[in-house]
Amino acid sequence: MKTYDFKPYHLRSINAATPQERAAINQELKDLYASLPDDEKADFNQQLQTFLAQTMGRIKSDYESVKGGN
């Protein structure tokens with residue numbers, strides 16, 4: 001199973017200067033997915049969902065620690 005690194009896409013998206021730049025980054029991910037053989041698409045989706053869940057968990061934890069510090 002190939003491992004996909006979503007962090008560079010995530011960081012670029014966070015730092016995107018415009019909505020158009022963010023949309024272009026999202027399109028890169030869609031194009032990558034479309035280029036995959038069908039037997040790799042499920043792994044890609046699972047890894048992306050795991051990355052998003054972990055990232056959102058970290059953001060929530062960071063927010064709660066900052067919010068609690070007020």
Next on the checklist: Are Ile25 and Leu11 connected into the same hydrophobic cluster when the rule is that any two of I, L, V, M, F, W, Y join if their side-chain heavy atoms are below 4.5 Å apart?
Outcome noted: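 Different clusters.
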Checklist entry - Which pairs, with at least one residue in residues 21-31 and sequence neighbours excluded, count as a side chain to side chain donor-acceptor pair (under 3.5 Å)? => result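 Output for this query lists Arg12-Glu28, Ser13-Arg22, Gln27-Asp31.
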Could you measure the distance from the [atom1] atom of [X] to the [atom2] atom of [Y]? Nearest 0.5 Å is fine.
X	Y	atom1	atom2	answer
Met56	Leu52	CE	CG	8.5 Å
Gln47	Met1	CD	CE	5.0 Å
Glu40	Tyr33	CD	OH	11.5 Å

Checklist entry - Phe51 vs Phe6 aromatic rings, parallel, tilted or perpendicular, using cut-offs 30° and 60°? => result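 It falls in the tilted class, 30° to 60°.
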Next on the checklist: Could you tell me if the side chain of Leu29 sits less than 4.5 Å from the side chain of Tyr4, heavy atoms only?
Outcome noted: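 No, every pair of side-chain atoms sits at 4.5 Å or beyond.
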Checklist entry - So, do Asp43 and Lys2 sit near enough that their side-chain heavy atoms are less than 4.5 Å apart? => result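 They are not in side-chain contact.
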Next on the checklist: How close do Leu32 and Ser35 get, counting heavy atoms only, and between which atoms?
Outcome noted: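 Scanning both residues completely, I find the closest heavy atoms to be O-OG, 2.7 Å.
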